[in-house]
Amino acid sequence: MNILLIGSGGREHALAWSLADSPLTSNLVIAPGNPGMAPYGEMRPVAADDLDGLCALAVEISADLVVIGPEVPLVDGLADRLASLGIAAFGPSAAAAQLEGSKEFARAFCARHNVPQPAYFPVSDYATACQHIDQLGGFCVIKADGLAAGKGVVVADDAETAKDAAKSMLDGQFGESGKRLVIEQRISGPEASLFALLDGDSAILMATAQDHKRAYDNDEGPNTGGMGAISPAPRLDKALEDQVMQEVVGPVVRGMAAEGTPYRGVLYVGLMLTKDGPQVIEFNCRFGDPEAQVILPRLRTDLVSAMLATTNASLHHFDMRWDPRAAVTVVMANKGYPGSYEKGSVIRAIDAAETVPDCNVFHAGTALADNGDLIAVGGRVLAVTALGDDAKTARRNAYAGVTKIDWQGGFYRSDIAKT
Ligand code: GLY
């Protein structure tokens, strides 16, 4: 099969690695990709938000399947555009991707379908925002309604922080994405994520993971896209997985179908495990980053077959198998991330890290300099993943890989998956 993979981050490197391993893949084209993906396919310089360019590329290579990694092209309707060209896409339609594209849509959907979630208030003006913030005693979460590259959420301990965040968003910090807000009650408990495949009619569990969002050790410092992750999620046991499939994923697959917007693709359910049971923090309409980098190395079923079962609505008789071992990924980021950082520092010895058994180094923000050196150009630059018989061993192996990499411009957390 001719497969086109869209995206350029660590998540897409992990996807490229899995897709290239499939006996069904005869030709993998990646747009735009990154240097780490070069061994798996041909890279084409078409940006992930250039829908016209991506559709033209899919037609040019006679794509049998297009795998859409990031959320922006999904929310912008790439899967719909491909469907109108008769090309199968792994990823939901724009209407179904509203579960990530609009926080207000997601909250209202959960309310309509009795999915457990915190109390929330949609607002579009500052005075109403202040009323709800005061009503919640300032202990609340402020979310920009639309996509904001993972930056549109502020978790506030007091009314002043919450009101400042609401004002900045309403004043245009995230453009149109912040013109509407959702103000939520804060809930507490450990966080975990569950990934499921949905084919419009049925859903099957993929795997669980837990990421670490703060930049520095001991969960200090600013929020990031994720500095590392472990799979399976240590706190999400089989009983809780079943409960989430029943109380969250089931209502999503049935509710989206009943509302005329069937969901086909991977659903990322961000959860808080409260004392009253799991509650939905957020939905994402794609694999997580860095969660994909810990989940996919555990997958023992062919990924292309799973994606085809999703696009062909045949998940009800599809079975996924997983390596029972744990996986840990440690993100290596540019010094300064998630703030500003220098570009161009040289990275060496990735091969040495991959001599650690079951260790893979996934690239995110890398590029090749004119002289052929691998250099850091993004915020999150590498994700070093390793498997182990238990979480402790996986963690030890992942850090064994990290310490072999020679990169003066980077930093990483030293407490990923530490118990
Ligand atoms: N790791 C969080 C995300 O992918 O949204």
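Order of appearance sets the numbers: ligands from 1, and atoms from 1 within every ligand. Just so it is clear, the structure is predicted and the values come from calculations on it, not from any experiment.
With hydrogens and angles left out, the side-chain atoms of H113 and E259 include a donor and acceptor closer than 3.5 Å. No side-chain donor-acceptor contact under 3.5 Å links Q185 and Y120. Judged purely by distance below 3.5 Å, without hydrogens or angles, the side chains of T161 and D164 never pair a donor atom with an acceptor atom. No donor-acceptor contact under 3.5 angstrom links the side chains of R235 and Q210, judged on distance only.
The main-chain N or O of A156 is found under 3.5 Å from a side-chain atom of R186 such that the two form a donor-acceptor pair.
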- Message: If you apply the rule side-chain hydrogen bond (donor to acceptor under 3.5 Å, both in side chains), what do you find for R264 with T310, and how did you get there?
- Response: CA-CA 6 Å; R264 298 189 185 92; T310 304; over 6 Å; no

Just the distances, no angles: every ligand 1 N or O to protein N or O pair closer than 3.5 Å, one line each.
residue: ligand 1; atom: 1 (N); partner: D211; partner atom: OD2; Å: 3.0
residue: ligand 1; atom: 1 (N); partner: G225; partner atom: O; Å: 3.0
residue: ligand 1; atom: 1 (N); partner: D289; partner atom: O; Å: 3.0
residue: ligand 1; atom: 1 (N); partner: E291; partner atom: OE1; Å: 2.9
residue: ligand 1; atom: 1 (N); partner: E291; partner atom: OE2; Å: 3.2
residue: ligand 1; atom: 4 (O); partner: R286; partner atom: NH1; Å: 2.8
residue: ligand 1; atom: 4 (O); partner: D289; partner atom: N; Å: 2.9
residue: ligand 1; atom: 5 (O); partner: R286; partner atom: NH1; Å: 3.2
residue: ligand 1; atom: 5 (O); partner: R286; partner atom: NH2; Å: 3.1

